[in-house]
Peer 1: 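I'd like to ask some things about the structure below.
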Amino acid sequence: MTEVRTRFAPSPTGFMHLGGVRTALYNYLYARKMGGKFILRIEDTDQERLVPGATQVIYDTLRDCGMDWDEGPDKGGEYGPYIQSDRKDLYLPYAEELIRSGHAYYCFCTKEELAERKAAAEARGEVFKYDKHCLHLSKEEVERKLKAGVPYVIRQNTPTEGETSYKDMVFGEISMPNDTLDDMVLIKQDGMPTYNFANVIDDHLMGITHIMRGMEYLSSTPKYNLLYEAFGWEIPKYVHLPTVMRDKEHKLSKRDGDAYYSDFISKGYLKEALINYLALVGWNPGDDREMFTMDELVQAFDISGLSKSPGIFDVEKLTWFNAQYIRQLPFEKYLSLATPWFEKAFEGMDRQMDFRRLAELMQGRTEVFNRIPEMVAFLKDMPAYELDLYFNKKMKTAPETAADALCMVKPVLEALGPWTEAEIHDRVMDAIQEKGLKNGAVLWPLRIAISGLANTPGGAFEIAYLLGREETLARLDRAIARLQDAYGKGNVQ
RNA sequence: GCCUCCAUUGUCUAGUGGCCUAGGACACCGCCCUCUCAAGGCGGAAACAUGGGUUCGAAUCCCAUUGGAGGUGCCA
């Protein structure tokens with residue numbers, strides 16, 4: 001059996017689209033699973049859309065994700081070069097061979113003429129398909145124009161009758177009536193091959209055995225197969241992938257601003273989570289497993305698990321995966337990843353903050369790193385809050401009675417020796433026991449008084465510790481004053 | 001318009017003629033735990049697009065309808 005060779009062939013646009021990452025991933029997984037080779041090829045035949053530095057983004061992203069390629073522009077390999085613009089001169093002879101065998105022809109129609117004919121066809125309510133106008137030029141006419149240096153393109157000469165079909169490993173049998181096949185351009189006026197042509201030539205020359213790509217190529221594949229046949233080349237296996245959608249109607253598009261790999265990384269999504277989730281949009285292992293490392297994906301991946309229908313990219317589920325991965329992070333790793341976000345949150349604060357302790361509290365609650373600043377902001381500045389927050393039915397607390405609880409705690413905290421979490425916890429609990437109160441009746445108001453929030457990461461003890469003695473007591477004083485102001489002095493104490 | 005493809009809960013999906021009173025996961029809701037939240041545990045609501053066939057039997061096969069996607073570029 002011949003070695004499996006897959007390829008990822010992006011065009012360098014400057015960003016890595018998540019759909020592209022997934023395509024690369026499946027190619028990578030299949031090659032590794034089969035013990036084959038994964039090839040990276042850059043498709044930059046469109047000279048008008050060149051973006052400087054764009055290939056670097058592709059390298060960086062793939063490497064960052066752990067998808068190492070065996071052959072590629074920067075790595076070499078026996079089928080190079082791996083950048084199509086570097087292969088420019090190699091395509092024309094193949095096109096000329098096709099012309100000799102009658103499978104292609106020179107076309108001298110200008111873009112303007114084409115546009116005119118297209119408009120005319122549309123005016124008549126017809127679809128425009130290239131009319132093979134130049135196919136009927138006499139040999140002499142063609143020679144003359146070529147000699148005269150009239151600009152030309154080379155078009156594929158597709159059959160007008162019958163149908164062409166092929167078998168796709170995901171979609172099964174696909175057949176297209178030949179009369180719907182357009183005589184597509186193979187070589188452009190600037191001498192560059194089109195994607196359509198370069199793809200076929202390169203995939204063959206590079207010995208690609210399995211072509212895994214987006215399903216937008218499903219209906220142009222018959223034209224590629226006609227080319228393979230014209231050359232007498234073996235047709236590779238096709239694996240067309242369902243589209244990744246933003247919602248039911250729309251593709252995940254570059255316009256959305258959140259379709260790029262880098263967008264998610266900078267928001268604080270872990271690449272492991274992104275890869276894990278992406279693998280599952282359009283593929284499933286056949287059992288209920290969901291958590292996969294890259295190596296596990298390699299083991300589990302199989303083309304039979306690929307689905308046919310488009311899948312919607314669900315950020316909620318990605319976020320769940322992300323939270324899972326964050327929780328599993330070794331603590332030191334979490335701390336180092338969270339620290340920049342902590343620093344951002346506490347910028348300009350004069351108090352010290354125990355990042356380690358904060359990180360311990362936050363690791364299990366972090367879904368995406370960019371949500372950290374908002375979650376910990378209350379530690380920097382006391383938020384404004386409504387006294388209603390002191391209401392809690394279960395804790396049996398209310399604004400009217402909150403001051404009593406706070407006044408009970410205050411001297412305990414003031415008398416505290418070392419300001420450690422354990423000390424705070426033990427002394428306050430002792431006092432609660434002594435008074436025969438319920439924990440919540442004291443701790444709820446205390447937490448509200450020093451955080452101003454209904455929900456906080458950590459409880460009263462943790463927050464008090466993080467705030468430090470001075471800030472805690474200051475917040476406590478202010479809370480007591482405000483409550484007494486509203487409801488009068490309590491009579492406990 | 002024409003061509004191709006697709007169609008199970010809100011979402012990702014399992015399901016390849018009887019194992020399906022349709023399974024798992026996210027999200028949602030409730031309960032437990034608990035000083036809040038989160039995590040965790042338990043439970044709940046939620047789907048075979050519609051209509052015809054085929055068959056003893058259909059989510060599964062066939063046809064039509066509807067809906068959706070893709071293609072129809074000297075873009076890839």
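To find a chain, count down the sequence lines: A is the first, B the second, and so on, and within it residues start at 1. The figures here come from the full heavy-atom set of this structure, side chains too, leaving out hydrogens, waters and symmetry mates. Given the structure is predicted, the values throughout are model-derived calculations rather than measurements.
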Peer 1: Take A/Y325 and A/Y334 through the test ring pair (Phe, Tyr, Trp, His ring centres under 6.0 Å) and record every step on the way to the result.
Peer 2: CA-CA 10 Å; A/Y325 277 91; A/Y334 175 83; over 10 Å; no
Peer 1: Please output the side-chain donor-acceptor pairs of residues 368-384 of chain A that fall under 3.5 Å, not counting sequence neighbours, one pair per line with the distance.
Peer 2:
{"residue": "A/R371", "atom": "NH1", "partner": "A/E367", "partner atom": "OE1", "Å": "2.9"}
{"residue": "A/K380", "atom": "NZ", "partner": "A/E347", "partner atom": "O", "Å": "3.0"}

Peer 1: Taking A/T164 for its side chain and A/P222 for its backbone only, find out whether a donor-acceptor pair lies under 3.5 Å.
Peer 2: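 A pair under 3.5 Å: no.
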Peer 1: Give the rounded distance in Å between these two atoms: CD1 of A/I463 and P of B/U36.
Peer 2: 12 Å
Peer 1: Tell me every residue that passes side-chain contact (heavy atoms from CB on, under 4.5 Å) with A/T180, counting only those two or more places apart in sequence or in another chain.
Peer 2: A/M176, A/P177
Peer 1: Sticking with atom P, work out how far B/U60 lies from B/G18, rounded to a whole angstrom.
Peer 2: 12 Å
Peer 1: Tell me whether the centres of the aromatic rings in A/Y195 and A/Y217 are closer together than 6.0 Å.
Peer 2: yes
Peer 1: Let me know the distance between CD1 of A/I424 and P of B/C35, rounded to the nearest Å.
Peer 2: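 Rounding to the nearest Å, CD1 of A/I424 and P of B/C35 are 17 Å apart.
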Peer 1: Determine the Euclidean distance between corresponding C1' atoms of B/A49 and B/G44; express it in Å to zero decimal places.
Peer 2: 26 Å
Peer 1: What is the base-pairing partner of B/G51, counting Watson-Crick and G-U wobble geometry with both distances under 3.5 Å?
Peer 2: B/C63
Peer 1: Could you tell me how far B/U65 sits from B/C2 if I compare only their P atoms? Round to whole Å.
Peer 2: 12 Å
Peer 1: So what does A/R289 touch, heavy atoms closer than 4.0 Å: a base, only the sugar-phosphate, or nothing?
Peer 2: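 Nothing: the residue A/R289, judged by heavy atoms under 4.0 Å, touches no strand.
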Peer 1: Just the rounded figure in Å: distance from P of B/U36 to NE2 of A/H425.
Peer 2: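 The distance from NE2 of A/H425 to P of B/U36 comes to 13 Å, rounded to the nearest Å.
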Peer 1: Both distances under 3.5 Å, Watson-Crick or G-U wobble: report the partner of B/A25, or none.
Peer 2: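 Partner of B/A25: B/U11.
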Peer 1: Please state how far atom CG in A/L361 lies from atom C1' in B/A38, giving the value in whole angstrom units.
Peer 2: 11 Å
Peer 1: What pairs with A/V412 under side-chain contact (heavy atoms from CB on, under 4.5 Å), at least two apart in sequence or on another chain?
Peer 2: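 Partners of A/V412 under the side-chain contact (heavy atoms from CB on, under 4.5 Å) test: A/R427, A/V428, A/A431.
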Peer 1: Parallel, tilted or perpendicular: which fits the ring planes of A/F128 and A/Y130, with parallel below 30° and perpendicular above 60°?
Peer 2: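 Taking A/Y130 first and then A/F128, their aromatic rings stand perpendicular (interplane angle over 60°).
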Peer 1: Taking any heavy-atom pair under 4.0 Å as a contact, classify A/M184: base, sugar-phosphate, or nothing.
Peer 2: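 Result for A/M184 = nothing.
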Peer 1: In whole angstrom, what separates A/R213's CZ from B/U4's C1'?
Peer 2: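 To the nearest whole Å, that distance equals 14 Å.
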Peer 1: For B/U4, what is the paired nucleotide under Watson-Crick or G-U wobble rules, both distances under 3.5 Å?
Peer 2: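 Its partner is B/A69.
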Peer 1: Output one letter per nucleotide in nucleotides 67-76 of chain B: B when a protein non-hydrogen atom lies under 4.0 Å from the base, S when only the sugar-phosphate is that close, - when neither is.
Peer 2: -SSBS-SBBB
Peer 1: For A/T366, which contact category applies under a 4.0 Å heavy-atom criterion: base, sugar-phosphate, or nothing?
Peer 2: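 The answer is nothing, as A/T366 stays clear of every strand by at least 4.0 Å.
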Peer 1: If the C1' atom of B/G40 is compared with that of B/G15, how far apart are they to the nearest Å?
Peer 2: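 Result for the C1' pair: 31 Å, nearest Å.
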Peer 1: Considering residues at least two apart in sequence or located in another chain, which fulfil the side-chain contact (heavy atoms from CB on, under 4.5 Å) criterion with A/A24?
Peer 2: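 Applying side-chain contact (heavy atoms from CB on, under 4.5 Å) to A/A24 gives A/F8, A/L62, A/M67.
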Peer 1: So, applying salt bridge (Lys or Arg N to Asp or Glu O under 4.0 Å) with A/D183, which one of A/R155, A/K132, A/K223 is it?
Peer 2: A/K132
Peer 1: Which word best sums up how the rings of A/F321 and A/Y277 line up, parallel for under 30°, tilted for 30 to 60°, or perpendicular for over 60°?
Peer 2: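 Judged by the thresholds at 30° and 60°, the geometry between A/F321 and A/Y277 is tilted.
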Peer 1: Using the P atom as the point on both nucleotides, what is the distance between B/U54 and B/G70, in whole Å?
Peer 2: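 These two P atoms come out 37 Å apart once rounded.
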Peer 1: Given side chains that start at C-beta, do those of A/I303 and A/Y26 come closer than 4.5 Å, heavy atoms only?
Peer 2: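 A side-chain contact under 4.5 Å is absent here.
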Peer 1: How does each nucleotide of nucleotides 20-27 of chain B score, in 5' to 3' order, for protein heavy atoms under 4.0 Å: base (B), sugar-phosphate only (S), or none (-)?
Peer 2: ----SBSS
Peer 1: On RNA chain B, compare the nucleotides closest to A/F461 and A/I312; which residue's is nearer the 5' end?
Peer 2: A/I312
Peer 1: Is A/S307 touching bases, backbone alone, or none of the nucleic acid, heavy atoms closer than 4.0 Å?
Peer 2: sugar-phosphate
Peer 1: On RNA chain B, check which nucleotide each of A/G364 and A/G286 is closest to and give me the residue with the more 5' one.
Peer 2: A/G286
Peer 1: In the strands shown, is B/C31 matched to any nucleotide by a Watson-Crick or G-U wobble pair with both distances under 3.5 Å, and which?
Peer 2: B/G41
Peer 1: Which whole number of Å gives the distance between the P atom of B/C33 and that of B/U21?
Peer 2: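 Their P atoms lie roughly 37 Å apart.
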Peer 1: Taking only side-chain nitrogens and oxygens of A/N455, does any of them come within less than 4.0 Å of OP1 or OP2 of B/C37?
Peer 2: no
Peer 1: Expressed in angstrom and rounded to an integer, what is the separation of A/K438 atom NZ from B/C35 atom C1'?
Peer 2: 11 Å
Peer 1: Tell me whether A/Q363 contacts the main-chain N or O of A/I326 through its side chain, where contact means a donor paired with an acceptor under 3.5 Å.
Peer 2: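 Pair found, side chain donor or acceptor close to backbone of A/I326.
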Peer 1: Please state how far atom CG in A/L306 lies from atom P in B/U13, giving the value in whole angstrom units.
Peer 2: 10 Å
Peer 1: Does B/C20 have a Watson-Crick or wobble mate here (both distances under 3.5 Å), and if so which one?
Peer 2: none
Peer 1: Sticking with atom P, work out how far B/A14 lies from B/A7, rounded to a whole angstrom.
Peer 2: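 Result for the P pair: 10 Å, nearest Å.
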Peer 1: With rounding to whole Å, what would you report as the distance between B/A27 and B/G10 at their C1' atoms?
Peer 2: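 Between the two C1' atoms, the distance is 8 Å.
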Peer 1: Tell me what A/E462 touches on the nucleic acid: a base, only sugar-phosphate, or nothing, going by heavy atoms under 4.0 Å.
Peer 2: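 The answer is base, as A/E462 lies within the cut-off (heavy atoms under 4.0 Å) of a base atom.
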Peer 1: Specify the separation, in whole Å, of atom CD1 of A/I448 and atom P of B/C37.
Peer 2: 11 Å
